[in-house]
Amino acid sequence: MANNSVMIIEDEEALAVLLKYNLEKEGYTVYIESRGNRAIAEIEKCQPSVIILDWMLPEMSGVEICKFVRSKPDIKNIPIIMLTAKGEEEDKIKGLTAGADDYVTKPFSVPELMARVKSQLRRAPEPNEQKELIFEDIRMDLVEKKVFRNENYIHLGPTEFRLLKMLMETPGKVFSREYLLKNVWGDNIYVESRTVDVHIRRLRKSLNEFGPDYIRTVRATGYSIDVHGAVENDDN
Ligand code: CA
């Protein structure tokens, strides 16, 4: 994967050029695509570190592109930031369900989008960092960025991976949605707290294929990873 490269898939040329200019100023390599069909070929060729993806595009929608990326083993871990039009609440949820890691509503400020790109790239581990996290039958390989449960590989999107990592670093500790938003999504970013719930739901779905539900919902507070989670989560 090319280091710190961003692919902008956006048919509004002025916006794409503005973003490219600002990202290049920050040292990123930037690719622009405006049409869906070409974009999917280019993602596989360029293997960008982050994709900024517009919802409305000619030929293929952002959601279709998102689903395509998530279905291809060589590119499925690339974080996707979706751009949606103002007021289209349902689009955000659809985008997240299709596998986007984050979304930004138009019109947005350039510094806000820059912050979100950085937050998606922040997951690379430092050389001296711990190599592995283990909680019961769940093992997280921090170098390969892979999660296993009873040695079954579990595919997680980048946001679910960071969420699980945070929980597994301190089992039993209850993290508030606000804390998770700040530390998983990053500073200076406005994300609604129900976004956390959407990603927790997705994380649970993937993890629970191979074992009990250890993610504990603490009513009106937040989430933790806890062996008692499985007993208490009747409502999930
Ligand atoms: Ca568009």
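Whatever order the structure lists them in is the order used to number ligands and atoms, beginning at 1. Given the structure is predicted, the values throughout are model-derived calculations rather than measurements.
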Exercise for review: Below 3.0 Å of the Ca ion (ligand 1), tally up the protein N/O/S atoms for me.
Suggested key: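 Those protein atoms number 3 in total.
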
**Study point:** Shortest non-hydrogen separation from Gly62 to Met82 and the atoms involved
**Key:**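 Scanning both residues completely, I find the closest heavy atoms to be C-CE, 3.5 Å.
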
Point to revise | Electrostatic pair Glu42:Lys45 at N-O distance under 4.0 angstrom | key: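 Yes.
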
Check your understanding: Please walk me through it: do Glu178 and Lys182 pass salt bridge (charged side-chain N to carboxylate O under 4.0 Å, His left out)?
Key -> CA-CA 6 Å; Glu178 292 66 33; Lys182 190 166 184 281; over 6 Å; no

Quiz question: by atom type and distance under 3.5 Å, do the side chains of [X] and [Y] form a donor-acceptor pair?
| X | Y | result |
| --- | --- | --- |
| Asp197 | Tyr223 | yes |
| Arg149 | Ser206 | no |
| Asp101 | Thr159 | yes |

